[in-house]
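Since the structure is predicted, the reported quantities are computational estimates derived from the model, not experimental observations.
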Amino acid sequence: MPVSDNRFFHRRTRAKKNVLTGADRRGYQGSREAMTDYFTGVEQPRVERAAVMIRTMKFIRSGEHKAPAAGMTAKSHALYEFLMASARIELSEKELFSVTVADAKAYLGIQHCGRLREYVEAINNTEVTYDFRIKGYARSQPVPLLSCSFETDEKTDEQRIAYSMPSPVRDVILKSRQYAMLEINAFRNFSCKYTARLYPRLALLAGMDIRKSLVYRPEELAEQLGWVWTGKFHFGNFFNRVMKPVLEDLRHVYRFRVSYDVKQGSGRGSPIAEIVLSVTRATKKLREYPKATISDFELQFIRAYDLHIPPRIRPSEDLLRHAASKTGLEALDIQNRWKDAYKRIAANPDAPIGRSGTVTGHYILLALAGPRGVGEAFETWIEDYEPPILVAGQTAIVDADDVAAPVIYAPSPRSRSRIELAKEEAERVLHALNGFDPSGAYRPKFPISAFYFESYCDPDIPIWAWIDASQNVAAALGVLAQAELDTLKIHLRRMMSAIATQDFAKVEEIACEILSEARLAPARPRFPKRQGNSSIIGNDEAIACNSGCVDLESADALGH
DNA sequence: AACAGCGCGGTAACGGTATG
DNA sequence: CATACCGTTACCGCGCTGTT
């Protein structure tokens with residue numbers, strides 16, 4: 001193959017004025033509320049991080065502690081990421097930023113102000129170096145991670161964290177051309193402090209067209225992650241104490257999967273010479289594709305044609321433009337294809353659609369009946385879109401009233417307790433169990449509803465964490481996941497009703513019932529006492545001894 | 001001999017509840 | 001609302017065993 005055909009080897013002219021830099025980008029994808037409110041959080045907002053920061057950041061010391069970044073635990077690092085993400089949105093206009101204490105606590109999922117102070121102190125006490133080649137910045141000069149302080153808003157009496165970042169860091173972000181997109185909400189779910197240090201490196205790789213595996217000597221990787229050891233380097237300790245928890249933690253990342261391999265060296269004692277980390281390509285959602293430009297001429301046609309599509313199933317112009325750049329088709333063409341696809345779906349929802357063959361029309365109808373309506377339906381359709389072979393003369397009649405009106409959920413207020421969140425979520429599930437529409441106009445049939453409700457049998461999803469599910473509940477959910485759909489629905493409905501009425505003893509009772517029906521001995525009822533890490537099922541095999549692959553998608557919480 | 005695997009035990013951090 | 005307290009979890013030093 002001639003080299004000139006390969007676009008990866010084409011170089012961009014340096015210092016071109018029209019090259020986009022950080023200052024030109026918003027740098028944050030998603031709604032701001034998605035960081036502090038779980039229900040908008042299902043969209044998984046992302047924030048960019050300049051590549052040079054990821055590649056060259058080194059922790060050097062941390063207050064009185066000897067070890068670098070001693071105070072930077074998983075939680076304090078999560079707070080750092082939250083502050084960086086909040087600042088990114090208004091970075092080009094401001095130098096001093098602030099977030100409310102309530103938001104920070106909501107993001108971290110903590111109740112105590114005291115804890116928040118500890119994390120802020122850890123951030124203030126941690127110094128790092130970067131290798132920036134910019135004027136006025138000595139490459140080895142230590143800079144604080146961020147400088148934070150607490151203050152009270154005099155008018156509203158609201159407590160806030162005010163903070164600023166070292167100006168070279170701000171400059172670098174605004175000038176950066178190469179960056180990684182980080183799933184900001186992943187950080188708050190990490191439980192190992194080293195995960196936050198490896199994840200950005202992997203994210204940088206996952207966003208690239210060519211993803212060469214990262215090859216490290218174990219000691220080199222340990223050093224980059226800031227793991228300290230005394231005496232001789234001990235591979236077993238490093239792998240069990242750092243890499244295993246990190247790989248396990250990375251299941252909270254939705255966009256890509258990580259696999260690893262360890263390569264043996266030669267010599268006595270079968271030493272490990274290399275750790276190889278590989279990532280899959282990061283997936284992209286429809287709205288993350290740039291909006292294709294459409295001519296006024298084409299726009300006129302689109303708008304004229306819009307009049308023939310019922311508003312409930314009419315994708316917005318923006319969606320069409322995103323889809324145009326994803327598929328390479330004309331926006332007008334896509335609009336037509338969507339309308340045709342909808343006719344076929346409405347006429348025969350059981351028929352598979354799209355490339356994979358696993359998506360049926362029910363998926364689209366369910367999305368249409370859901371809270372995000374046509375936006376989600378169109379996105380689901382285009383995600384798996386396969387251009388159809390058109391047959392002349394094939395028509396179907398679309399009745400604008402054959403689809404239930406989308407159910408609109410009120411936006412959720414902040415800072416609710418876990419019980420309130422659980423209650424609200426339980427009501428959503430009950431709603432879904434009743435067929436999404438009280439009048440019963442659209443009731444999802446078998447394939448889609450099985451897919452939908454089975455996802456609630458994962459004890460790892462928030463609703464079960466919120467009610468602090470016991471071992472019995474986790475085990476019962478495992479039984480339900482294997483059960484017939486009707487059995488699943490009946491028990492799920494009972495458990496969700498109990499949660500909705502905040503009768504948690506009842507949940508436990510139902511769980512025990514399910515277990516005894518399945519002839520499994522329930523453990524001694526433990527509600528309401530918390531029993532530690534009870535809710536992870538089926539992750540034991542995720543990390544094999546020598547090499548393995550952590551499936552990050554299995555953790556998809558509410559699976560829409 | 002040089003290394004990985006493994007487990008014990010101690011300390012700091014975390015998360016929740018009770019108390020002022 | 002803030003602080004004290006306590007059980008659980010994360011982290012780490014260390015030494016022993018088995019394999020190459």
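At whole-Å resolution of the value, CD in A:Q111 and C1' in C:dC1 are 13 Å apart. With rounding to whole Å, A:R115 atom CZ is found 17 Å from C:dC1 atom P. Atom-to-atom, CZ of A:F238 to P of B:dG5 comes out at 13 Å; the value is rounded to the nearest Å. The NE2 atom of A:H77 sits 18 Å away from the C1' atom of B:dC14 (whole-angstrom rounding). In this entry the distance linking CG of A:L116 with P of B:dC14 reads 12 Å, nearest Å. The nearest whole Å value for the distance from the CZ atom in A:F239 to the C1' atom in B:dA4 is 12 Å.
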Exercise. Going through the distances and angles, do A:F238 and A:F233 end up as a ring-ring contact (aromatic ring centres under 6.0 Å, His included)?
Worked result: CA-CA 8 Å; A:F238 171 65; A:F233 179 79; 5.7 Å; yes
For this session: List the steps, then state whether salt bridge (charged side-chain N to carboxylate O under 4.0 Å, His left out) holds for A:R494 with A:E513.
Result: CA-CA 11 Å; A:R494 292 177 66 204; A:E513 233 174 78; 2.9 Å; yes
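Rounding to the nearest 0.5 Å places CG of A:L83 at 10.5 Å from CZ of A:F97.
Under the 30°/60° scheme for interplanar angles, the aromatic rings of A:F256 and A:Y199 are found to lie parallel. A parallel orientation is assigned to the rings of A:F239 and A:F235, their planes being inclined by less than 30° (bins at 30° and 60°).
Donor-acceptor pairing under 3.5 Å is recorded for the side chains of A:S98 and A:R160. For A:N124 and A:S147, the side-chain atoms include no donor-acceptor pair closer than 3.5 Å. Under 3.5 Å, the side chains of A:D131 and A:T56 contain no donor-acceptor pair of N or O atoms.
A:F190 comes within 4.0 angstrom of nothing in the nucleic acid, heavy atoms only.
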Each nucleotide N or O in nucleotides 18-20 of chain B that has a protein N or O under 3.5 Å away: list the pair and distance.
none

Name the pairs: protein N/O against N/O of nucleotides 17-20 of chain C, kept only if under 3.5 Å.
unit_1, atom_1, unit_2, atom_2, d
C:dT20, O2, A:G269, N, 3.0

Nucleotide N/O of nucleotides 12-14 of chain C paired with protein N/O under 3.5 Å:
unit_1, atom_1, unit_2, atom_2, d
C:dC12, OP1, A:K193, NZ, 3.4
C:dC12, OP1, A:Y194, OH, 3.2
C:dC12, OP2, A:Y194, OH, 2.8
C:dC12, OP2, A:W227, NE1, 3.4
C:dG13, N7, A:R241, NH1, 2.9
C:dG13, N7, A:R241, NH2, 3.4
C:dG13, O6, A:R241, NH2, 2.2
C:dC14, N4, A:N237, ND2, 3.1
C:dC14, N4, A:R241, NH2, 3.4

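For residues 262-275 of chain A, the set of pairs meeting the salt bridge (charged side-chain N to carboxylate O under 4.0 Å, His left out) definition, not counting sequence neighbours, is empty.
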Quiz: residues 215-226 of chain A side-chain donor-acceptor pairs under 3.5 angstrom, not counting sequence neighbours:
unit_1, atom_1, unit_2, atom_2, d
A:E220, OE1, A:R217, N, 3.0
A:Q224, OE1, A:R201, NH1, 3.0

With a 3.5 Å cut-off and sequence neighbours excluded, list the donor-acceptor pairs that the side chains of residues 167-174 of chain A form with protein atoms.
unit_1, atom_1, unit_2, atom_2, d
A:R170, NE, A:L91, O, 3.2
A:R170, NE, A:K94, O, 3.0
A:R170, NH2, A:L91, O, 3.1
A:R170, NH2, A:K94, O, 3.3

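Among the nucleotides C:dA10, B:dA4, B:dG15, the one closest to the side chain of A:S191 is C:dA10.
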